[in-house]
Amino acid sequence: MFAKFAKIVALSAVVAGVTATPLPKPQPVDDTVELTSRNSYSFNNWGGISSLSGFDNFYGSDNFSGEISQQIIVEQEKEVVCHSQSIEIIQQRLLVLQEMAKRIISEQICEVETQTIVFEQFHSSMSHFGSDIMRHSSRSVGYDSNISNHYSSIMNSDGSLSSNDLGFSGADLGKNTVVPSGSNWNDNSSPASVGAAFNATRVARSNNNSTTPSNSTSH
């Protein structure tokens with residue numbers, strides 16, 4: 001019992017130390033660097049796997065997870081403003097998106113090698129948004145409205161996953177960017193507070209990784 005209490009105190013001290021120590025202001029980086037200066041790594045038919053045919057056509061062999069994308073911010077007839085919502089409501093919706101991603105990968109890809117590569121591409125592409133939120137990149141914190149509007153098109157009316165071409169590629173990412181207003185970002189205080197929030201999540205993740213839940217099958 002004492003050991004468990006000591007561990008909690010130690011973790012709390014780590015978070016408190018992070019919060020008390022101001023972090024340097026992140027410096028933006030140029031996300032529009034010339035593609036010719038980047039190394040290429042092709043996944044087209046990687047390992048002789050036919051389901052990877054044309055993989056590089058989406059983002060390019062030198063842009064694995066779409067890190068390079070030009071943002072074109074579009075004006076809306078009605079300004080989009082962020083508004084506070086119950087955190088549980090947010091978590092519910094993000095969990096739906098998470099499980100939908102799992103469904104697409106597990107139902108529409110049979111080769112585990114392709115599942116691995118596609119998931120890592122998806123996981124890596126999402127991490128770029130984290131850099132945007134922390135202002136570690138030169139991108140604005142927003143989303144591509146044209147691409148996000150296709151959400152309802154990924155399922156058929158009978159609840160099955162659709163397989164039709166939605167008519168865009170990774171090269172279209174960012175061309176219709178909407179940036180909601182209302183953020184509380186402050187150039188003076190936010191780098192430290194956001195850095196503390198980020199590091200606190202790493203403490204929580206490290207703590208959770210020490211316990212692995214068992215699998216069970218329902219009948």
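Bear in mind that the values here come from a model prediction, so they are computed numbers and not experimental data. For this chain, numbers begin at 1 and follow the sequence in order. Heavy-atom basis, side chains included; hydrogens, waters and symmetry copies ignored.
- Without hydrogens or angle criteria, Ser61 side chain to Ser40 main chain gives no donor-acceptor distance under 3.5 Å.
- The shortest distance between side-chain heavy atoms of Thr177 and Val74 does not fall below 4.5 Å.
- At most 12 non-hydrogen atoms from other residues, nucleotides or ligands lie less than 6.0 angstrom from CE of Met126.
- Ser148 OG to Asn146 CG: the interatomic distance, rounded to the nearest 0.5 Å, is 8.0 Å.
- Between Ser65 and the choices His128, Gln121, Glu120, the side chain to side chain donor-acceptor pair (under 3.5 Å) rule is met once, by His128.
- When all heavy atoms of Asp56 and Tyr41 are compared, the pair lying nearest together is OD1-O, 4.3 Å.
- In this structure, the separation between CD1 on Ile109 and CD on Gln115 is 6.0 Å, given to the nearest 0.5 Å.
- Using a 4.5 Å heavy-atom threshold, the side chains of Ser169 and Asn57 count as separate.
- When the ring-ring contact (aromatic ring centres under 6.0 Å, His included) test is applied to Phe119, the partners found at least two apart in sequence or on another chain are His123.
- Asp172 is linked by a side chain to side chain donor-acceptor pair (under 3.5 Å) to nothing, counting only residues two or more places apart in sequence or in another chain.
- How far CD of Glu107 is from OG of Ser160: 8.5 Å, rounded to the nearest 0.5 Å.
- With contacts defined as side-chain heavy-atom distances shorter than 4.5 Å, the pair Ser181/Glu79 qualifies.
- The two atoms that bring Gly159 and Arg103 nearest to each other are O-NH2, 2.9 Å, heavy atoms only.
- Val80 and Ile133 fall into different hydrophobic clusters, where Ile, Leu, Val, Met, Phe, Trp and Tyr side chains are chained together by heavy-atom contacts under 4.5 Å.
- At distances below 3.5 Å, not a single donor-acceptor pair connects side-chain atoms of Ser206 with backbone N or O atoms of Arg202.
- Both Ile49 and Ile105 sit in one connected hydrophobic cluster of ILVMFWY residues. Membership requires side-chain heavy atoms under 4.5 Å apart, directly or through other members.
- With a 4.5 Å cut-off on side-chain heavy atoms, Phe55 and Val118 count as touching.
- No side-chain heavy atom of Pro191 sits less than 4.5 Å from a side-chain heavy atom of Arg135.
- Note that CD1 of Ile73 is 11.5 Å distant from OG of Ser145, once rounded to the nearest 0.5 Å.
- Side chains of Trp185 and Asp187: a donor-acceptor N/O pair is present below 3.5 angstrom, by distance only.
- Residues Ile117 and Leu52 have side chains in contact (heavy-atom distance under 4.5 Å, counting atoms from C-beta outward).
- Taking the ring-ring contact (aromatic ring centres under 6.0 Å, His included) definition, one finds that Phe168 meets it with His150, sequence neighbours left out.
- Judged by distance alone, with hydrogens and angles left aside, the side-chain atoms of Arg139 form a donor-acceptor pair with the main-chain N or O of Glu67 at under 3.5 Å.
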Passes side-chain hydrogen bond (donor to acceptor under 3.5 Å, both in side chains), Ser137 versus Asp132? Steps please.
-> CA-CA 5 Å; Ser137 74; Asp132 301 344; 2.5 Å; yes

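- Between Asn186 and Ser190, the side chains place no donor N or O within less than 3.5 Å of an acceptor N or O (distance only, hydrogens not considered).
- Going from atom CG of Leu173 over to atom CZ of Phe58 covers 8.0 Å, rounded to the nearest 0.5 Å.
- Heavy-atom minimum distance, Ser162 versus Gln108: O-NE2, 3.2 Å.
- Within the 4.5 Å cutoff, side-chain heavy atoms of Leu166 are placed close to those of Ile154.
- Pairing each heavy atom of Pro180 with each of Gly142, the nearest pair is CD-CA, 4.2 Å.
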Would you list the atom pairs, donor with acceptor, under 3.5 Å between side chains in residues 81-101 and any protein atom, with sequence neighbours excluded?
unit_1, atom_1, unit_2, atom_2, d
Ser86, OG, Glu88, N, 3.4
Arg93, NH1, Ile89, O, 3.3
Glu99, OE2, Lys102, NZ, 2.9

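- Phe129 places a side-chain heavy atom less than 4.5 Å from the side chain of Val141.
- With hydrogens and angles ignored, the 3.5 Å screen pairs a side-chain donor or acceptor of Asp144 with a backbone N or O of Asn176.
- Expressed to the nearest 0.5 Å, how far CD of Glu111 lies from OG of Ser50 amounts to 6.0 Å.
- Here Phe43 and Phe64 bring their ring centres to under 6.0 angstrom of each other.
- For Ser127, the side chain to side chain donor-acceptor pair (under 3.5 Å) criterion is met by no residue, not counting sequence neighbours.
- In this structure, Tyr59 has no ring-ring contact (aromatic ring centres under 6.0 Å, His included) partners at least two apart in sequence or on a different chain.
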